[in-house]
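Report on the following structure.
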Amino acid sequence: MTGSETMTHHDEHGHGHLKLAYQPSLPIPNGKLCLWLFLSTEIMFFAGLIGAYIVLRFGAPSGTWPKPHDVHLVEQIGAFNTFVLICSSVTIVLGLEAAKLNRSGTARLWLLATFLLGCLFLGVKAVEYKSKFSHGIYPQAPRSQIWDRADLNYASAVRLRLAEYIAAETAKGQSGAATTEPAAADAKVEGAPPTGDAAAAPPAAAKPPASPEQAYAETLRDHLVYWAESTAARSDDMARRQGALNTLAYFIYPLHGRKPAQFIERETTLQQQELAKLNDEAQKLEKDQQRLEREQAELKSKRTKAETDNQADALKELDDQLLAGVKSSLGVAEQLASVNERRGRMAGWLKLVPELEQLKNGINEEHHHLRLPIHIPSGNMWASTYFLMTGFHAIHVAVGLLAFALILPKKLDARNAHLLENTGLYWHFVDLVWIFLFPLLYLF
Amino acid sequence: MTTDHSQKPGHGHGQADHGHGGTGLYIKVFLALCVLTSMSFFTVSDFWPFHDTPAVGWVFMMAVSCTKALLVMTFFMHLLWEANWKYVLTIPASMMSVFLVIALVPDVGQRIRSYSEERLIYAADESAEVHGEAHEQHDATDDEAKKHDEHKHDESKKSKAHGETEGS
């Protein structure tokens, strides 16, 4: 296709000699033609990716696509990378100019500058990727911590993750105690003869001194997640159900402009009222308990009297009464325990929530190792498209850098200018793709 | 053999149009690109007057991007000084990519206009205003939202049952 072969001089005397002359169908070298053909397929490749992104971006449920700040995208960094790529486009084109003028030294310097700028771009990209990863934003499960909906599944995922964390911490504490325990036991052996009791005694690690982080995780589990899950499962009020889940999600990973402030306020007054009610109930129950104790003491004294008087009938009756009294006091004690548990949960919630409201960046940011599931509506789709498009672009940048590295040792004079021209064309195309990706990803 | 030959016109070409380009021109294009980048950056600043209608910003940014792309192609990729073959190679590819994006548009329309039951179940939450907070502010005539709400009710019934079985 590129070089058509034409018979120019046909020997009519039958010597069978065909003299062929080269006539290119397009007035450009083969290498450049191939590169342009490749670039035209690349246009379609990236148009497909960008088109799919636009479909998914604008087809997402209205108002759900994450804002750049919700997924830790910083416009300034994106703009800086745009600037870096534009600069590198200029340097490579200046390198080509220098090569055409046979100034191979200057051309090499420009090429080196382009190479370094490309590396800078990839470095910035790596920093950006790392910041996503550190926030639990990955393109795929199981590493991705993103949940599209704040529903009961989400709340139970938070509970499971907390349980996992607490179990791991406990195991760590126990293994730490196990390593220190034998030493302590040895010291005891040396100091005094071991008694049977000391040997049989459970190790101190059975009740590990909870690390502050473990204690915090337990607080979250008992006072926030329990509340969110039970409210979401049992409340009759639909708005309250979703509000509890939204509040949980917001405290873990606050999304811009999504603070359920009114709900928290309402819920706080509700909890305070209920706590006051429970306090009254507990007082009543305690009074009941005291009354029952008094009655039992009375019955007991009556019983001893009956015993000394040897009144068999009265004794039997008193025993029955005593048994009934013990039963009812047990019932009261049970009720009191359950009321006290609920009081504890509510008091804990009322203490925890103002603290959480103070957190500016959410639990996950302040307590990094907890790595709780985060709720970003359409976040998974966002992560897929973001990493796919920037990843393919970064691969193209890396390939360009490889090409630069390969031609860097060559003599870049006018005879080799086509090398710079072709790699330069490719590099400009990579820049061109970023020109579209930057506003689409960082500014839309 | 062909490659040897093919280099020749390239060289001739390279020498022949030596008059084009020039550092000054490239610097000018570079400055234009920087200015255009800051123009698209301007759309997210507080001074941008169309924050209420984001579509204006999107169209503006895409126009700016197309301008930048044209600048890069015309000057940095030397298309301004190339022969007519440039149209053969670039226009069909550009048309194909435009068709590709247009072919995806029915999907966009379809997805925005109606939700399938299945998609609704797994769809992301709408913004917080829809739940609880400012429920009355939400446009109740929007039948899509209504559908969503109805669905929410169904689902919360389900989750209630689920919670009760869990609780007992």
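Any value given below was found using the heavy atoms of this structure, including those in side chains, with hydrogens, waters and symmetry copies removed. Because the structure is a prediction, the values reported are computed rather than measured. Every chain is numbered from 1, with letters handed out A, B, ... down the list of sequences.
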Tell me, for [X] versus chain B, whether the close heavy atoms (under 4.5 Å) come from the side chain, the backbone, both or neither.
X: A:Ile376; answer: neither
X: A:Ser378; answer: both
X: A:Arg240; answer: neither
X: A:Glu42; answer: neither
X: A:Leu255; answer: neither
X: A:Asn380; answer: neither

Q: Heavy-atom pairs under 4.5 Å with chain B are the metric here; pick the option from A:Phe58, A:Phe436, A:Phe444 that has the most.
A: A:Phe444
Q | Top of A:Leu425, A:Ile50, A:Leu443 for chain B proximity - count of heavy-atom pairs under 4.5 angstrom | A | A:Leu443
For residues [X] and [Y], determine if any side-chain heavy atom of one lies less than 4.5 Å from a side-chain heavy atom of the other.
X: A:Thr41; Y: B:Met96; result: no
X: A:Lys32; Y: B:His78; result: no
X: B:Met61; Y: A:Leu440; result: no
X: B:Phe76; Y: A:Phe429; result: no
X: B:Leu104; Y: A:Ile54; result: no
X: B:Met73; Y: A:Leu432; result: yes
X: B:Phe99; Y: A:Met44; result: no
X: A:Glu97; Y: B:Tyr26; result: yes

Rounded to the nearest 0.5 Å, what's the gap from [atom1] on [X] to [atom2] on [Y]? Could you check?
X: B:Ser45; Y: A:Glu75; atom1: OG; atom2: CD; result: 10.5 Å
X: A:Ser40; Y: B:Ile91; atom1: OG; atom2: CD1; result: 12.5 Å
X: B:Thr37; Y: A:Leu85; atom1: OG1; atom2: CG; result: 10.5 Å
X: B:Leu89; Y: A:Leu33; atom1: CG; atom2: CG; result: 6.0 Å

Q.
Quick check on B:Leu79 against chain A: is it the side chain, the backbone, both or neither that has a heavy atom closer than 4.5 Å?
A. side chain
Q) Does any heavy atom of chain A fall under 4.5 Å from the side chain of B:Leu100, the backbone, both, or neither of them? A) side chain
Q: Determine, step by step, whether B:Thr90 and A:Trp36 satisfy the side-chain contact (heavy atoms from CB on, under 4.5 Å) criterion, reporting the C-alpha distance in whole Å, the side-chain angles of both residues, the deciding distance to 0.1 Å, and the verdict.
A: CA-CA 8 Å; B:Thr90 51; A:Trp36 266 107; 3.6 Å; yes
Q: Using the side-chain contact (heavy atoms from CB on, under 4.5 Å) rule, take B:Val72 and A:Ile86 through it: C-alpha gap first, then chi angles, then the decisive distance, then the call.
A: CA-CA 9 Å; B:Val72 169; A:Ile86 291 175; over 6 Å; no
Q | Side-chain donor or acceptor of B:Ser65 paired with backbone N/O of A:Ile435 under 3.5 Å | A | yes
Q: If the plane angle is over 60° it's perpendicular, under 30° parallel, otherwise tilted; pick one for B:Phe41 and A:Phe438.
A: parallel
Q. Should the ring pair B:Phe30 and A:Phe83 be called parallel, tilted or perpendicular, given that the plane angle runs from 0 to 90° and is split at 30 and 60?
A. tilted
Q.
How close do B:Ser97 and A:Ile43 get, counting heavy atoms only, and between which atoms?
A. OG-CG2, 3.8 Å
